[in-house]
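First the proteins, then the strands, lettered A, B, ... as listed; each starts at 1.
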Amino acid sequence: MVTFATRNAKNMSVVTQIKEAAVKAISHLYGINLQTQDIQVNATKPEFEGDYTVVLFAFVKQLKKSPDALGKELGDTLLAQNPALFTSYNLIKGFLNLCISDSYWLHFVEREYTNTGFGNSKSNGQRVMVEYSSPNTNKPLHLGHLRNNFLGRSIAEILKANGYEVSKTCIVNDRGIHICKSMVAWQLFANGAIPADTNTKGDHFVGDYYVKFNNEYKKQVAELIAAGKSTEEAEKEAPVMKAAQQMLFDWEAGKPEVIALWQLMNSWVYAGFDATYQRIGSDFDKTYYESKTYLLGKDLVESGLAKGVFFQKADGSVWIDLTADGLDEKLVRRKDGTSVYITQDIGLAEQKQKEFNAGQSIYVVGDEQNYHFKVLKLICQKLGLPSADGIFHLSYGMVELPTGKMKSREGTVVDADDLVEEMVAIAKQKTEELGKVKDFTEEELTDLYDILGLGALKFFLLRVDPKKKMVFNPEESIDFHGFTGPFIQYTHARIKSILRKSGMAQPPANNNLPKANLLPLEKELSIQLEMFPAILQDAAIEHDPSKVAIYAFNLARIFNSFYAGHSIGNAENEEKKILRLQLSQLTARVIKNGMNVLGIRVPERM
RNA sequence: GGACCGGUAGCUCAGUUGGAUAGAGCAGCUGCCUUCUAAGCAGCAGGUCAUUGGUUCGAAUCCAAUCCGGUUCACCA
């Protein structure tokens, strides 16, 4: 338990300081000891005077005081006990509006404007694992995968900024019937062609054969039905489907030519994925392959049976009864002795525990698997795996089109590579229209288009609460104005330009801190900047990058108002000029650090 | 049928440990570049917070019911 006295007030947010001051004041006044969580502090509404507001209703009953009497006593005591923090208060209908002293904000800016790591926490020694991306090797990545990749990468960076040691992992689904379908189609239709022959990325190349398989399958089913078969029979007997099933059987038997083809086609896919990952900034400390992990967990079924966690049915199949937890019975081993999907996940959870020993293991997986992960965690807990309580499913909603869900069979899937290139092309077009960077080299321009195009795309997908499904409209594409990545990137470039023109490598320290004369826009910007560390913490606790995205947008918006309202380089006097340059530099830094945890770069010029 | 998630402005989304007159962006309409980047700023307009009831000083937020949409409950992965 850290006490107020031993904590460094400099590193504590204003809101926390207000809460602690209120706890202390209430204890002093009424002899009642509250926790900081009991104190509700909000930003003061703009129409009232003040910066932060303590909501009094919560204590009115407990302290048996009228809101007015309580507010007056609390307000007076807060001011008396914290003369450096508060300058005045006013009381409106149970809301205690507090004015924070300008010198508090001035000292904050003075202290932090050169701190390149502002917002980051020191190492806390805790280890976290983030599993994300997790593609199938039968088709290329699409828009939904992009949301997954950006979320995974971002949550890893957010946790790092909060002092965690983070390992990123990926599990590649490189085996199973879907891969066999691509293999069968390739044998039937490719005439030995390889990706290089058609100038196609390997993942797209293999994906094309997956589509060809499905087309052929549909054709064969239709023919069989026309020949008098029932739909069910036709689907079962279609020659390509039988071939795919035989392929899977041969794969599991280790038939050399099947393994060789499988390895060859997967190698094409990996080359394609690597290119995409490099482009979008995904990387992994360790990649697992299902072909190597799919047999994991079998020993855990045995030990679970011995412990009585699992039970065996008459046919030999093994189950767990989760009805007491409000779920159903769940199969963990088939009657033929083979594993099911969840068995390998249990085994992999154990293996990850052994390899990484992380206190928290985050799985970035779509919300259609909510039930699966609820079951997985429960089973691991019942088996007593040490990692069980640390399992966290970072569940995210589907990306939908205005017409509904994306369906690969109907060709309505938005391809990841295509979308990235489209965004970069739009960035190029808009940049050329504005004509502000005509002196850039070819290389600098290419880099700028990447920064902007990918920034727009990432921000679009990260600005929404992960839990919620979201809509992407390909007709409207993604905007570069308003609540967007480029808007924030633009603000950064704008600040950098101002700083360059100030003629100083860095604003000097302000020896003459002006007292109590912050203008409203200067103060609003200071308050917003001060929140950044708390926002980063909140984003980590909630596993929610959108908190950072929304914050960064609001910061940029406030800066732009500040910029429009006040001259920075030609301020009224030297103190103001220094202060505004410091504010500008700190804003640029916070934008950069905030965007960085979203995986978005910011340009010096645009 | 059971479980879970969602429904807020024309569109896309914030806001939900209960707090003041529900906020942004886009789209629409007005203004603002001979001073630091107009990918910007200022303003106007736009709402039965799905519906009904309840809890209380106070409900978009909590509870119940209903309507609508989605996911899931495979000896699939």
With a 4.0 Å cutoff (strictly under), does any side-chain N or O of [X] reach OP1 or OP2 of [N]?
{"X": "A:K45", "N": "B:A20", "answer": "yes"}
{"X": "A:R334", "N": "B:C76", "answer": "yes"}
{"X": "A:T53", "N": "B:G19", "answer": "no"}
{"X": "A:H178", "N": "B:A77", "answer": "no"}

Nearest-nucleotide comparison on RNA chain B, the residue closer to the 5′ end among A:A58 and A:D315
A:A58
Counting only non-hydrogen atoms, which of residues 240-251 of chain A are less than 4.0 Å from RNA chain B?
none
Can you pull out the residues from residues 456-466 of chain A that lie within a 4.0 Å heavy-atom distance of RNA chain B?
A:R463, A:V464, A:D465
I'd like to check the side-chain contact (heavy atoms from CB on, under 4.5 Å) partners of [X]; sequence neighbours left out, ordered by chain and number.
{"X": "A:L143", "result": "A:L146, A:V399, A:M406, A:V414, A:L419, A:L461, A:F472"}
{"X": "A:H492", "result": "A:K496, A:A588, A:I591, A:K592, A:V602, A:E604"}
{"X": "A:A456", "result": "A:M423, A:I478, A:F480, A:P486"}
{"X": "A:Y490", "result": "A:K436, A:R494, A:M606"}

Under 4.0 angstrom, heavy atoms only, what part of the nucleic acid is [X] near: base, sugar-phosphate, or nothing?
{"X": "A:N554", "answer": "nothing"}
{"X": "A:Q40", "answer": "base"}
{"X": "A:V55", "answer": "base"}

Angle class for the A:F213/A:Y217 ring planes (parallel below 30°, perpendicular above 60°, tilted otherwise)?
parallel
Inter- and intrachain pairs under side-chain hydrogen bond (donor to acceptor under 3.5 Å, both in side chains), touching residues 43-54 of chain A, at least two apart:
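Of all non-adjacent pairs touching residues 43-54 of chain A, those that pass side-chain hydrogen bond (donor to acceptor under 3.5 Å, both in side chains) are A:T44-A:T53, A:D51-A:K523, A:T53-A:N97.
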As a test of the definition: with a 90° window around 0 for syn, would you call B:C33 syn or anti?
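Glycosidic conformation of B:C33: syn.
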Intra- and inter-strand pairing of RNA chain B, written as dot-bracket with Watson-Crick and G-U pairs under 3.5 Å and | for the latter, reads (((((((..((((.....[...)))).(((((.......))))).....(((((..]....))))))))))))....
Go through the steps to decide whether A:K467 and A:E542 satisfy the test salt bridge (Lys or Arg N to Asp or Glu O under 4.0 Å), and finish with yes or no.
CA-CA 11 Å; A:K467 287 195 290 290; A:E542 300 289 328; 5.5 Å; no
Do you see a donor-acceptor pair shorter than 3.5 Å between the side chains of A:T16 and A:S13?
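Per modelled atom types, A:T16 and A:S13 side chains form a pair under 3.5 Å.
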Suppose you measure atom P in B:A24 against the same atom in B:G47; what distance do you get, rounded to whole Å?
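It comes out at 15 Å once rounded to the nearest Å.
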Any chance you could list the contact pattern along nucleotides 2-7 of chain B? Use B for base contacts, S for sugar-phosphate-only contacts and - for none, protein heavy atoms under 4.0 Å, 5' to 3'.
-----S
Per-nucleotide protein contact string for nucleotides 31-38 of chain B (B base, S sugar-phosphate only, - none; heavy atom under 4.0 Å)
-----BBS
Base of B:A42, side chain of A:N560 - is there a donor-acceptor contact under 3.5 Å?
no
Enumerate the residue pairs fulfilling salt bridge (Lys or Arg N to Asp or Glu O under 4.0 Å) with a member in residues 310-326 of chain A, sequence neighbours excluded, ordered by first and then second residue.
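Sorted pair list: A:K313-A:E329, A:D325-A:K382.
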Using the salt bridge (Lys or Arg N to Asp or Glu O under 4.0 Å) criterion, which residues pair with A:K65? Sequence neighbours excluded.
A:E73
